Amino acid sequence: MRRCFARALARPLAVAAVVFALSVSSSAPVAADRVVVGGFPVDASESPWVVALSSRDRFGGARAGQFCGGVAVGRSTVLTAAHCMDEEALGGPPERVRDLRVIAGRTDLLSDRGGREVAVRDTWVNPAYDGVSNAGDFAVLTLAEPLPAESVIGMAAGGDPAYAVGQAATVYGWGDISGAGDYANSLRAARVRVLPDTLCEEAYPGGAYGVYDARSMLCAGEAKGGRDACQGDSGGPLVAQGRLIGLVSWGIGCGRAGSPGVYVRVSDIMRALGWART
Ligand code: 4AZ
């Protein structure tokens, strides 16, 4: 049974899940098309820049109200996905979610201790975000209190070798570990690779889902599938060579061969926000 917040969060995936359910019930063996994120547990102290976005009012208290990921790029600045902040996810504008918080430094969401919960003072959602193509899927949260300096990760600027095809990268989150709505209570990571843009261009040419745009998006996963981000990981970090290269954004299903994960390209966020040195 899918939890309603997950459905609310991921319109593209909700459609994709139906398509996947249909494809599984065909004669194809499940193993050839398995939806496994393929991750491993990590401790938040090893990746202190990964944060959970939370609203207990909206999403319930069981997992501390976690509904998306995010990443600290400044002591008071968190990047996340625009689709985490849209009406479909939050039921209204972000300002109306009074208990919107960032949880930093907590591995296990079931323990209400460890790390810090910080209120969000301001939410800026990219006005150019397009929920049809999925372009521009980023938002900036300003925290009410700063996080420790060690919690901040550096962003990879355009041309950084961290973006090179074949580069090993790691994605982090508390999202679905099976593609069937099994949300992790404890932080996990999966090792993936930066994949050629052509793979995502072929997988996502447009139509019922988003459109892959190599300038503003990044293609990552495993060509054979198996390791991937999934629902609930959105907005969380993709890290290569110790620098932030992507935010979890969208894809069809999770870990499926031929349907890589699509990330927001961090160098394009820097360009769009005027954070890039020219
Ligand atoms: C989502 O809906 C989502 N497999 C996140 C990541 C991926 C697909 C969907 C990539 O939040």
Side-chain angles (χ1 to χ4, degrees), residues 2-21 23 33-39 50 52-54 59 63 66-71 79-90 129-139 169-184 188-195 199-200 203-204 208-212 217-239 245-265:
R2 204 167 271 278
R3 295 157 72 138
C4 51
F5 71 81
R7 208 173 0 191
L9 250 190
R11 181 198 38 72
L13 192 71
V15 180
V18 174
V19 174
F20 174 69
S23 72
D33 202 21
R34 68 198 172 114
V35 280
V36 177
V37 180
V50 186
L53 303 194
S54 138
F59 301 103
R63 293 169 60 264
Q66 187 271 349
F67 65 98
C68 263
V71 56
L79 290 178
T80 187
H83 83 257
C84 291
M85 294 291 125
D86 71 12
E87 291 231 4
E88 226 178 309
L90 297 182
Y129 168 58
D130 179 344
V132 176
S133 67
N134 294 330
D137 189 13
F138 60 91
T170 309
V171 58
Y172 298 81
W174 289 266
D176 189 346
I177 62 170
S178 71
D182 302 320
Y183 292 86
R188 296 176 70 83
R191 295 202 204 290
V192 295
R193 283 189 190 278
V194 176
L195 296 173
L199 273 187
C200 277
Y204 307 116
Y209 311 106
V211 189
Y212 186 77
M217 300 175 189
L218 182 87
C219 188
E222 290 280 306
K224 290 189 182 136
R227 298 191 205 150
D228 196 3
C230 202
Q231 279 191 337
D233 292 323
S234 285
L238 177 69
V239 174
I245 61 170
L247 304 181
V248 176
S249 180
W250 63 284
I252 295 180
C254 306
R256 298 177 59 189
S259 300
V262 184
Y263 294 77
V264 189
R265 192 179 281 274

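Bear in mind the structure is a predicted one, so any value in this text is a computation, not a measurement. Note: hydrogens, waters and symmetry copies are ignored here, and every other heavy atom, side chains too, is used. All ligand and atom numbering here is 1-based and tracks the order in the structure.
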- Task: With sequence neighbours left out, write down each residue that passes side-chain hydrogen bond (donor to acceptor under 3.5 Å, both in side chains) with Y212, or none if nothing qualifies.
- Result: D197
- Task: Look at ligand 1 and say whether R256 reaches it with a heavy atom at a distance under 4.0 Å.
- Result: no
- Contact (N/O only, under 3.5 Å) between Q231 and ligand 1: no
- Check ligand 1 against W250 and write out every atom of the ligand that is under 4.0 Å from a heavy-atom position of the residue. 7 (C), 8 (C), 10 (C)
- Atom CZ in F67, atom OG in S234: separation rounded to 0.5 Å? 10.5 Å
- C68 backbone acceptor or donor facing Q66 side chain under 3.5 Å: yes
- Message: Measuring from atom CG of L238 to atom CD1 of I245, what distance do you get when rounded to the nearest 0.5 angstrom?
- Response: 4.0 Å
- Any idea which atoms of ligand 1 are less than 4.0 Å away from a heavy-atom of H83? 11 (O)
- Separation of L90 CG from H83 NE2 (nearest 0.5 Å): 10.5 Å
- Which of the listed options, A229, C68, C230, G253, holds the heavy atom that is closest to atom 5 (C) of ligand 1? C230
- Message: Going by the rule side-chain hydrogen bond (donor to acceptor under 3.5 Å, both in side chains), which residues pair with S249 if we only count those two or more places apart in sequence or in a different chain?
- Response: D137
- Query: Can you list the atoms of ligand 1 that are under 4.0 Å from a heavy atom of C254?
  - Reply: 4 (N)
- Query: With a 4.0 Å heavy-atom cut-off (strictly under), which part of S259 contacts ligand 1: side chain, backbone, both or neither?
  - Reply: neither
- Message: Under 3.5 Å between any N/O of D228 and any N/O of ligand 1: does that happen in this structure?
- Response: yes
- If you measure from each non-hydrogen atom of V248 to ligand 1, which part falls under 4.0 Å: side chain, backbone, both or neither? side chain
- Query: Is D176 reaching over with its side chain to a backbone N or O of C230, donor-acceptor style, under 3.5 angstrom?
  - Reply: no
